[in-house]
Participant: 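Okay, here's the structure, questions in a sec.
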Protein chains: 2
Amino acid sequence: MATIKDIAQEAGVSLATVSRVINNGPKVGDATRKRVKQIMLEMGYRPNANARALVTQRSASFGIVLPELSDPFFATMAHGIESVTRKIDVQILMSTGSIEKATELKAIETLLEHRCNAMVVHSKALDDATLINFAKTIPGFVLINRYIEEIGNRCVWLDNIAGGQTMARHMLNQGHTKFVIVSSKYQIDDPVDRIAGIKQELAENGITLSPDMIEYSTPDQEGGEIAMQNFLAKGTEFTAVLAYNDAMASGAMTMLQDHNIDVPNEVSVIGYDDVLLAKYCRPKLTTLRYPIEMMAVKATELALQYAAGTVPEADCTFKYAPTIVKRESVGKAIS
Amino acid sequence: MATIKDIAQEAGVSLATVSRVINNGPKVGDATRKRVKQIMLEMGYRPNANARALVTQRSASFGIVLPELSDPFFATMAHGIESVTRKIDVQILMSTGSIEKATELKAIETLLEHRCNAMVVHSKALDDATLINFAKTIPGFVLINRYIEEIGNRCVWLDNIAGGQTMARHMLNQGHTKFVIVSSKYQIDDPVDRIAGIKQELAENGITLSPDMIEYSTPDQEGGEIAMQNFLAKGTEFTAVLAYNDAMASGAMTMLQDHNIDVPNEVSVIGYDDVLLAKYCRPKLTTLRYPIEMMAVKATELALQYAAGTVPEADCTFKYAPTIVKRESVGKAIS
DNA sequence: TTGTAGGCGTTATCAC
DNA sequence: GTGATAACGCCTACAA
């Protein structure tokens, strides 16, 4: 592959001149510039990103670490990130850390080896201290979907407590009083916070939730089915189910329907996330919109800013609140 | 950030020795090795991937170019790729080229600038010649979802003609005779081939499809709705609809249901791809399984092999055929 | 406006 | 076993 040297030789100029042409440097004669460009084209010259990153001390790639791509939620997140990096001609270097401490750590370190100075990371397993430490040494380090007070200005996150409250309130407004929660068995912050929010809102309305009104399962369609099956088997009485996410909500609905329980006429179901399937399942799912794409965009811009040394206003915060999307799975409580 | 030089100084050895330790080189004293490792740990040393790539002449990252991530189909593809690169500690460098010639080209070139020597690319807009040329200069260049004869051993693709035949045959077997196709308005190979396959199969059964039995629209839920709306508006008679993909099928079903036409009792619908939503929509979608994840894995392994110089058997081919997944959206034709 | 030279962090080829 | 030292391809003062 042709190098800058080859071009220089062919054009009869020095390396420096070619370099200037490549980088649209200021002081190059018009004729020279044109000729060099021509030759670069002919020889199919392609700058070596590695060499450039080495000397420049900064990579042209933007790091992202997320659990996995097959989940539409994360795919959407990646899409948000990509939508901004694309505009500024920056490549995405992707690392996956499947919600495991070791993998997440490794994911970040790999990005570091590539000298990414801007990255948005989704980490649930790593402890605060580790993350804080990274934030202090990596200029453009930004966390998404997590809040750590000490580095609050580098966190783009969703208020899950508010989310839980909103879900509960919506059901309350429809007259529901018998609640059941279909939650995730992975006890990261998210499910914990959401349940806290729900309980809080219910408590304010004089309702307490006994532990057996919560079933924990894998946060997917199947998990939702199983959780609902358990409630049904236990003979639990309820008219409102609050799910950890849309997939679980969908699974719960399926199971309900299999038992000839009508949604939303007999039982109401609400999801969380508002991913694609919420629109596709029948009845269409009423859910909370997790503005993940918007948040991803914000996080990316933030990371880029920090990396560029542009520090945002002092202790600004990037907290988002989920909003309700009313579709068809929630109805008035049967009186 | 600490460099190999810092380590050497601190440990009182030469650069060469440190380098050997890092790469588990052969001739290093046990004591020295241990001491150096200790110091690397203490100083938080991290090899510089760029420097390494520069001198080594090969990148530790695997390139992938795809249209976009928000589409679950491509997210699944990316997931397949990631599942193999993860095992061998290789990072993914992602480029998006939104089915446009210029963008696709740029996506590949960027990867090249990073000196990726293995990549799997999904390109629909670039012409054969360009792709063939890349295949000849890039060791580990592999195409996915596209077949070009000249570089057939670097193509991992799905037989869409067979797919079309399979769809049609399945409907035929249920006794259907009145067909309608909901296709994509983007005239890349895929829809064209599928329609060809369908027509072929129908022809063998004495059925010809007039052009107005095909509606073209955007290949998503909304496009499916619009296409179906058009058929309904035209008063077209049919009992079987063959969709370009699951999203369109789902849209068509929704529109049918909105008009109180029962699926599958009055009209049968079949999709293509078998993405997540096929399981979520109601009735559950009968569709063709596009083994994209498996194919992505294959493509990745292939790219890695080629990049390593291991040439697979001479003119091997990597053609996949979609298989039918029977769910609930197809029924016997009403007699 | 153009050229020279030093260095970015590694690996690899020699010597010792 | 270990240590110099020359690349790798590029950028960037500093000279000319």
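Per chain, numbering begins at 1; letters A, B, ... match sequence-line order.
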Participant: Identify, between B:R58 and A:G29, the residue whose nearest nucleotide on DNA chain C lies closer to the 5' end.
Facilitator: A:G29
Participant: Select one nucleotide: of C:dC8, D:dG3, C:dT10, the one nearest the side-chain heavy atoms of B:R20.
Facilitator: D:dG3
Participant: To the nearest angstrom, how far is B:L15 atom CG from C:dT11 atom P?
Facilitator: 11 Å
Participant: Testing A:N145, A:N160, A:T76 one by one against A:Y290 for a side-chain hydrogen bond (donor to acceptor under 3.5 Å, both in side chains), which residue passes?
Facilitator: A:N145
Participant: Given C:dG3, D:dT12, D:dG9, which nucleotide is nearest the side-chain atoms of A:T17?
Facilitator: C:dG3
Participant: Atom CD of B:Q9 and atom P of C:dT10: how far apart are they, to the nearest Å?
Facilitator: 14 Å
Participant: Of the nucleotides D:dG9, C:dG3, D:dG3, which one has an atom closest to the side chain of A:A51?
Facilitator: D:dG9
Participant: Among D:dC11, D:dG9, C:dT11, find the nucleotide with the atom closest to the side chain of A:N48.
Facilitator: D:dG9
Participant: Counting only distance, no hydrogens or angles, is the base of C:dG9 paired donor-acceptor with the side chain of B:R46 under 3.5 Å?
Facilitator: no
Participant: Between A:Q38 and A:E42, do the side chains contain an N or O donor and an N or O acceptor separated by less than 3.5 Å?
Facilitator: yes
Participant: Using the side-chain heavy atoms of B:V55, tell me which of these nucleotides is nearest: C:dG3, D:dG9, D:dA7.
Facilitator: D:dA7
Participant: In whole Å, I'd like the distance from the CG atom of B:D6 to the P atom of C:dC8.
Facilitator: 10 Å
Participant: How far does SG of B:C155 sit from CG of B:L131, to the nearest 0.5 angstrom?
Facilitator: 8.0 Å
Participant: To the nearest angstrom, how far is B:E113 atom CD from D:dC10 atom C1'?
Facilitator: 13 Å
Participant: Figure out the CG/P separation between A:L54 and D:dC8, and round it to whole Å.
Facilitator: 14 Å
Participant: Among C:dT10, C:dT1, D:dC10, which nucleotide sits nearest the side chain of B:I4?
Facilitator: C:dT10
Participant: What's the closest nucleotide to the side chain of B:V28 if the choices are D:dA13, D:dC10, D:dT2?
Facilitator: D:dT2
Participant: Does C:dT2 have its OP1 or OP2 closer than 4.0 Å to a side-chain nitrogen or oxygen of A:S14?
Facilitator: no
Participant: Would you indicate, yes or no, if D:dC10 has its OP1 or OP2 atom less than 4.0 angstrom from a side-chain nitrogen or oxygen of A:R52?
Facilitator: no
Participant: So, is B:N50 near the phosphate of C:dT10, with a side-chain N or O under 4.0 Å from OP1 or OP2?
Facilitator: no
Participant: Please step through side-chain contact (heavy atoms from CB on, under 4.5 Å) for the pair A:N48 and A:M1, ending with a clear verdict.
Facilitator: CA-CA 10 Å; A:N48 184 322; A:M1 180 140 290; over 6 Å; no
Participant: On DNA chain D, nearest-nucleotide positions of A:T3 versus B:R33: which is more 5'?
Facilitator: B:R33
Participant: Taking only side-chain N and O atoms of B:Q57, does any of them lie within less than 4.0 angstrom of OP1 or OP2 on D:dG9?
Facilitator: yes
Participant: Against B:R146, only a single residue in B:D189, B:D128, B:D190 fulfils salt bridge (Lys or Arg N to Asp or Glu O under 4.0 Å); can you say which?
Facilitator: B:D128
Participant: Tell me whether the side-chain N/O atoms of B:T56 come closer than 4.0 Å to OP1 or OP2 in D:dC8.
Facilitator: no
Participant: Return each pair, listed once, that meets side-chain hydrogen bond (donor to acceptor under 3.5 Å, both in side chains) where at least one residue sits in residues 109-121 of chain B; pairs must be two or more places apart or across chains.
Facilitator: A:R46-B:E109
Participant: To the nearest Å, how far apart are A:L112 CG and C:dG9 P?
Facilitator: 14 Å
Participant: C:dC8 P sits how many Å from B:M1 CE, rounded?
Facilitator: 16 Å
Participant: Rounded to whole angstroms, how far apart are NZ on A:K5 and P on D:dC10?
Facilitator: 11 Å
